[in-house]
Amino acid sequence: MIPASFEYRRAGSVEEALGWLAEDPDSTKLLAGGHSLLPLMKLRLATPGVLVDVGRIPGLNYVRDDGDHVAIGALTRHRDLEVSDVARGHVPLLAHVAGQVGDPQVRHRGTIGGSLAHGDPASDLPAAVLALDGTMVVDGPRGRREVQAADFFRGFLETALAPDEMLTEVRVHKAPAGWGFQKFNRRAQDWAIVGVAAVVNGDARVALVNMGPTTLRARATEEALDAGANIADAAARAAEGLDPPSDLNGSAEYRRHLATVLVRRALEEATAARG
Ligand SMILES: Cc1cc2nc3c(=O)[nH]c(=O)nc-3n(C[C@H](O)[C@H](O)[C@H](O)COP(=O)(O)OP(=O)(O)OC[C@H]3O[C@@H](n4cnc5c(N)ncnc54)[C@H](O)[C@@H]3O)c2cc1C
């Protein structure tokens, strides 16, 4: 498993990375932790001509209390998020989910920016950010823009990022109470067969891992809760309208059933945590 040849460049700043991206956006890729991109390159499912290593750009690894929200730099490693006092205090869902990603080696290398930009429906952090109604801060040649998580995940490995843009920060509202996370897998370090991130603070937001081509909200469940249904009845509708994948870990039908069970558990957890 040897990747196709490529040119390697190490960026010292966001501006430098964006400049190199702009030269040939379609055949240039940013490299952060490399834990999603390098496996794809080894399988030759990705064959970028230029790899721009952003992993050592200073000042993009932080978890900051910004008043009504928490700001997380795109190069923040999963492990740093997991143990951050700011995250644990103000968005414990995010700190908890970061601690559930892969194994310690993956958590010490992988970044939140890479996880969100990759757009893998099987990833855990995108569901947490979607449930928290987060905002992505994106820099590019046309300046800076903000994209709501609800508009960010577009399809399989597809996000709202243009090929010449870089995700630089993620912002999430403080949500200390009322959260639940369920990840069902066979071994502790595995990817989720199905996962659920739920936030219940007034209204309820329920996001699903591995239940379709991208990270999704369980809209039927949310609508049922809005209409006054109890948790069990609302959770029974978790897979409505969704088309989950079938693979070696489980059939689509199995995933649909799992989603109803895990959504119920996540909502019960969130409701109990809210008190
Ligand atoms: C063995 C193993 C187990 C894993 N288990 C899990 C798991 O259980 N749950 C889970 O959620 N994930 C899991 N992962 C994935 C892991 O979390 C990755 O680290 C993460 O998905 C990608 O982050 P990265 O920093 O490594 O990104 P990279 O691999 O460096 O990049 C991924 C993609 O995002 C792009 N990119 C990276 N940073 C940016 C940026 N700032 N702006 C724009 N584009 C960018 C790259 O160009 C590339 O296309 C696992 C990975 C491995 C290898």
Side-chain angles (χ1 to χ4, degrees), residues 1 3 6 8-11 13-14 17-18 20-21 25-43 45-57 59-61 72-82 94 96-130 136-140 144-145 147 152-153 156-170 181 183-195 197 207 209-210 215 249:
M1 299 297 200
F6 57 87
Y8 173 87
R9 299 179 189 172
R10 183 187 295 166
S13 65
V14 172
L18 291 176
W20 284 333
L21 262 186
D26 290 329
S27 72
T28 305
K29 276 280 183 195
L30 300 181
L31 176 74
H35 270 51
S36 291
L37 181 56
L38 294 184
L40 286 183
M41 289 173 64
K42 287 182 177 177
L43 292 168
L45 294 171
T47 54
V50 179
L51 216 49
V52 174
D53 187 348
V54 294
R56 297 183 211 194
I57 293 179
L60 280 185
N61 182 348
I72 304 140
L75 292 178
T76 305
R77 311 272 173 196
H78 306 325
R79 175 65 182 165
D80 293 333
L81 186 55
E82 178 189 357
L94 214 48
H96 175 78
V97 172
Q100 305 301 305
V101 173
D103 53 40
Q105 193 179 359
V106 173
R107 295 197 288 275
H108 279 277
R109 292 298 309 162
T111 65
I112 189 168
S115 184
L116 298 168
H118 192 52
D120 186 340
S123 290
D124 302 306
L125 282 165
V129 172
L130 186 60
M136 317 298 175
V137 180
V138 175
D139 284 282
R144 171 167 284 198
R145 65 191 180 107
V147 185
F152 188 76
F153 304 106
F156 185 68
L157 304 187
E158 189 194 341
T159 69
L161 283 171
D164 57 359
E165 290 181 316
M166 178 173 170
L167 176 62
T168 48
E169 187 176 275
V170 184
F181 182 68
K183 175 173 179 172
F184 189 86
N185 50 16
R186 295 212 168 96
R187 298 175 306 171
Q189 75 274 22
D190 279 351
W191 296 81
I193 297 174
V194 172
V209 179
N210 229 346
T215 307
N249 289 314

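All ligand and atom numbering here is 1-based and tracks the order in the structure.
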A student comparing L21, N210, D124 should find that the heavy atom closest to atom 9 (N) of ligand 1 comes from D124
May I ask you to decide if L37's main-chain N or O and K29's side chain share a donor-acceptor pair within less than 3.5 Å?
no
- Query: For L125, is at least one N or O under 3.5 Å away from an N or O on ligand 1?
  - Reply: no
So is G34 close enough to ligand 1, meaning a heavy atom under 4.0 angstrom away? yes
D190 bridged to R187 by N-O distance under 4.0 Å: yes
(Q) Yes or no: does D190 have any heavy atom under 4.0 Å from an atom of ligand 1? (A) yes
Out of G140, S115, A117, A162, the nearest non-hydrogen contact to atom 36 (N) of ligand 1 is supplied by A117
If you compare H118, Q189, Q100, K183 by their heavy atoms, the one closest to atom 8 (O) of ligand 1 turns out to be K183
- Message: With a 4.0 Å cut-off on heavy atoms, is R107 in contact with ligand 1?
- Response: no
* Asked: Hey, is CD on Q105 packed in by over 12 heavy atoms from elsewhere, all under 6.0 Å?
  -> no
Note: ligand 1 atoms sitting under 4.0 Å from heavy atoms of K29 are 47 (O), 49 (O)
Next on the checklist: With the threshold set at under 4.0 angstrom, would you say Q105 reaches ligand 1 through any of its heavy atoms?
Outcome noted: no
Is any N or O atom of L37, backbone or side chain, closer than 3.5 Å to an N or O atom of ligand 1? yes
Any salt bridge linking E165 with R145? Criterion: basic side-chain nitrogen under 4.0 Å from a carboxylate oxygen.
yes
Under 4.0 Å from one or more heavy atoms of G110, ligand 1 contributes atoms 19 (O), 25 (O), 26 (O)
